[in-house]
Amino acid sequence: MITKRTARLALVSSLSAATLIGLTACGGSAPASTPSEEKGLIGISMRFIAGNSWLSTMSDGAVKSGTAKGWTMEAVDAQGSAQTQIQQMRTFINKGAKAIIIEPVGDRNVASGIEAAKAAGVPVIVVNDRVSEELAKKVACNVHDDGEATAELVGEKAAAAAVAKKGENSTINLYIQALFPQELVTESRENGFMAGWNKYMEQHPTVKTKRIPNNYGEALPDKTLTAMRNVLSGNPDIDVVFNQTDVVMPAVIEALKGAGRMDQNGKTDVILAGFDGGMDVIKSMAKDPASPVVADGLNQPALQAAYAVDEAIAAVTGAPTGKCEGSPATRILPALAVTPENAGQYISDDLAFAGAE
Amino acid sequence: MATNTTPPPTARKPFQSLPGTITSLRTFVSSLGSKGYLLAVGAIVLLVGSALSQHFMTSRNLISVLITASVVSILAVGQYLVIVTGGIDLSVGAVAAVSSVIVGLALQQGTPWPVALLLALLTAGLIGIFNGLMIVYGGITPFIVTLAMMSIARGVAYMLQTGRQVAIEDQGFLAAFTANLGPMPAPVMIALLVTIVFAVVMAQTRFGRRLFALGGNAEAARLSGLPIKRDIIGAYCLSSLLAGLGGVMIAAQLTEGSAIIGEGYELNAIAAVVVGGASLFGGTGDPISAVLGGLIIAVILNIMDLLGIQAQPQLIVKGAVILLAVLFTSGVGNKLPGALRKVLFQQRYTGLPAHETPAGAETANQKEDANARR
């Protein structure tokens, strides 16, 4: 039996929930949906949107690109759950989406979503993270960057700057501020960076490299600050830092300042290299030709997203772009490392991470 | 001839006998309570650190550890205030993130830094009051209320930040929270001040004693006429307020407000409190022990970083340290030395297994136990 108190509580709860949902809808950014009924709907399911500025830049880039081309774009956040992403794909199919773009949660987990889309005749584009080769063959196009090749360019430029600063017959102490232990992106960026570094050092055999063991900041500024402080305490003579994501560059800089390796004006004898093309890092590089950040790897989330939209439209209209090739069909972003000399070209006030159409 | 019958003064032993020294040491350690174990463990950790890394005992490294531990120490004091009532606050990391974003955004708008600071602390305090109200009047358990608030506060922080970096360039603010304040950096001095203030509050004020009473037996406290609702709301408000202060301090250290900071801080603060000897059931512990617990964890992690130990074994060591520390600061741990002594000494003096003690023969420990029962 429902008492008056229970009914009142239920009413208050419902009102509160409705208010909260209303407020969230007013202030929030997802799901991003823009009406443009002529050409149809393209659904985008992202692994994360909330809490990940890089992925939200990608999501915003896809919405902006598709809308500009006359399509209705709807971006949703799978919150790291494969189940949610599969459900979102099914919902897009039910809503009559012409194509679906996914930034996949795991390489095999979303197989049933891809199968369902294939059965419904809805083309799927995979962007950024990769799916297994078997699944990759079932989608219209796989769009991603080449993180290892980009990191290789960064490694080469960092090595050149280090040799120029320390000279021949020197020993260079190299430290990589890494993301996560035993994780694919972390390892590919490390391998790429070291390949570029070693390639340059082969031409300078008298220079020795001393690797300081990696420490992991999990792409979080506060954890990176602690990790960097501890590493600098044990290794006060670090020469080069490869910071694997610009999201935590302020933490790296503050740790260097705290350890007395950088003055309050940002002058330091430590060479820095970054990744992801964080707009603040790019701006600081463009502003100061003698910037301590000598190179930054760009993976251009908004541009990747725009390529994915182009491939989705191509799959729907049957007019191929001619840039998604091979088996599995793949379109790869060219590797790109920005230096203080060319950083000015990539500045944009609309983006948190550099690179757009 | 008169003879001197006065007995010659007995020569005083220059040193106490070994058992006497051990007894004195044990009495001293007992008087320190859980802090005794913490200080002993802390001393061992410092010795080990010094032996293993030449960089450990440098002033730069020690100050770096103190600065790093300062934020978690402040959060641990706040967490302790809630745990002593038998509650828990899972929202402190997210509240720290919200505060950092609010202070950053306010400073970007040109707000004077003391006003920006007050705004961040006020928001944090209001979140704590909301938590307390939901627990007291909503009848929801603290775990659920603060779990929900963790999500809400983090979401608000993301929405406020809108994916952009919230850089902080206000030199007055940065100096207030990062420059040296007396002999030590400001974060360390702030943490020290917070710890002392709340140690005094818990030991010397009615509010502090009421929180102990509340955690010891909430029903008894209520029947005694204590204002338990007000005190619970007060405890959660203070916890959030301190989390807000922690968030502001991190923002100053990073020169940015960020919605992604403070992840896992709630668990670090809880770990510090339990390593400090407090029970999650409430009514025990003290803020100083909570801070010492956090410091021990921070120092151990620092030593492992200095030695270049990989992240995976570090996680195992951190977990093991928490378990061992709680074992030795809890009731079970306190009984362990006595139990070991019983087994070892009985075997040595009787030559018989512990369970075959001759009839009528009472061991020293049995006497001790019997006296204790009397």
Side-chain angles (χ1 to χ4, degrees), chain A residues 9 13 20 23-24 27-29 49-57 59-60 178 180-182 211-236 246-251 253-255 257-260 264 278-281 351-353, chain B residues 53-56 58 60-65 67-69 71-72 93 96-97 100 138 152 154-165 167-168 171 174 178 185 250-256 258-265 298 301-312 314-315:
Chain A
L9 272 175
S13 306
L20 266 178
L23 284 172
T24 313
S29 56
I49 295 178
N52 189 318
S53 54
W54 194 90
L55 287 178
S56 63
T57 302
S59 167
D60 292 346
F180 298 91
Q182 292 180 349
R211 282 286 302 273
I212 292 160
N214 293 358
N215 208 336
Y216 301 89
E218 298 174 16
L220 297 171
D222 42 359
K223 285 194 175 167
T224 302
L225 183 63
T226 303
M228 274 291 295
R229 276 176 178 155
N230 287 344
V231 168
L232 283 164
S233 288
N235 306 276
D246 289 346
V247 172
V248 298
M249 192 62 94
I253 286 176
E254 289 311 310
K257 284 180 181 170
Q264 291 307 314
M279 194 51 71
D280 293 289
V281 176
L351 293 170
F353 293 90
Chain B
S53 170
Q54 55 169 335
H55 300 289
F56 177 70
T58 58
R60 174 164 285 168
N61 183 54
L62 293 178
I63 286 175
S64 161
V65 173
I67 293 173
T68 302
V71 172
V72 173
S100 82
I152 293 169
R154 188 72 69 181
V156 169
Y158 285 137
M159 284 170 71
L160 290 173
Q161 191 185 349
T162 60
R164 294 306 180 115
Q165 191 194 20
I168 296 174
Q171 294 307 313
L174 295 178
T178 58
I250 309 171
Q253 287 179 35
L254 292 168
T255 64
E256 66 168 345
S258 172
I260 57 173
I261 65 163
E263 280 194 10
Y265 276 32
L301 293 177
N302 172 252
I303 293 169
M304 289 193 290
D305 274 348
L306 290 179
L307 297 176
I309 294 173
Q310 288 290 309
Q312 299 90 327
Q314 287 203 21
L315 290 173

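Sequence lines set the chain letters: A, B, ... in the order given, protein chains first and strands last, and positions in each chain run from 1. Quick caveat: nothing in here was measured; it's all calculated off a predicted structure.
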field: Between B:Leu307, B:Leu254, B:Ile63, B:Leu306, the one whose heavy-atom pairs under 4.5 Å with chain A are most numerous
entry: B:Leu254
query: Which atoms of A:Leu351 come close to chain B, meaning under 4.5 Å heavy atom to heavy atom: side chain ones, backbone ones, both, or neither?
result: backbone
Heavy-atom check, side chain of A:Phe353 versus side chain of A:Val247, under 4.5 Å: yes
task: Measure the shortest side-chain to side-chain distance between A:Arg229 and B:Gln253 over non-hydrogen atoms and say whether it is less than 4.5 angstrom.
output: yes
- request: State which residues pass salt bridge (Lys or Arg N to Asp or Glu O under 4.0 Å) with B:Glu263; sequence neighbours excluded, sorted by chain then number.
  value: none
task: Heavy-atom pairs under 4.5 Å with chain B are the metric here; pick the option from A:Gln182, A:Gln264, A:Glu218 that has the most.
output: A:Gln182
- prompt: Do A:Asn215 and A:Asn230 have a side chain donor and acceptor closer than 3.5 Å?
  reply: no
From B:Ile250, B:Thr68, B:Ile260, residue fulfilling side-chain contact (heavy atoms from CB on, under 4.5 Å) relative to A:Asp222: B:Ile250
field: Part of A:Lys257 lying under 4.5 Å from any heavy atom of chain B
entry: neither
- request: Heavy atoms only, distances under 4.5 angstrom: which of A:Pro250, A:Ser53, A:Ala219, A:Pro236 has the most pairs with chain B? Name it, please.
  value: A:Pro250
field: Contact winner vs chain B - A:Pro213, A:Ala50, A:Pro221, heavy-atom pairs under 4.5 Å
entry: A:Pro221
- prompt: Does the B:Arg60 side chain pair with the main chain of A:Ala259, one donor and one acceptor, at a distance under 3.5 Å?
  reply: yes
query: What part of B:Tyr265 gets closer than 4.5 Å to chain A, counting heavy atoms only: side chain, backbone, both or neither?
result: side chain
statement: Highest number of heavy-atom pairs under 4.5 Å with chain A among B:Ile67, B:Val71, B:Thr178 belongs to B:Ile67
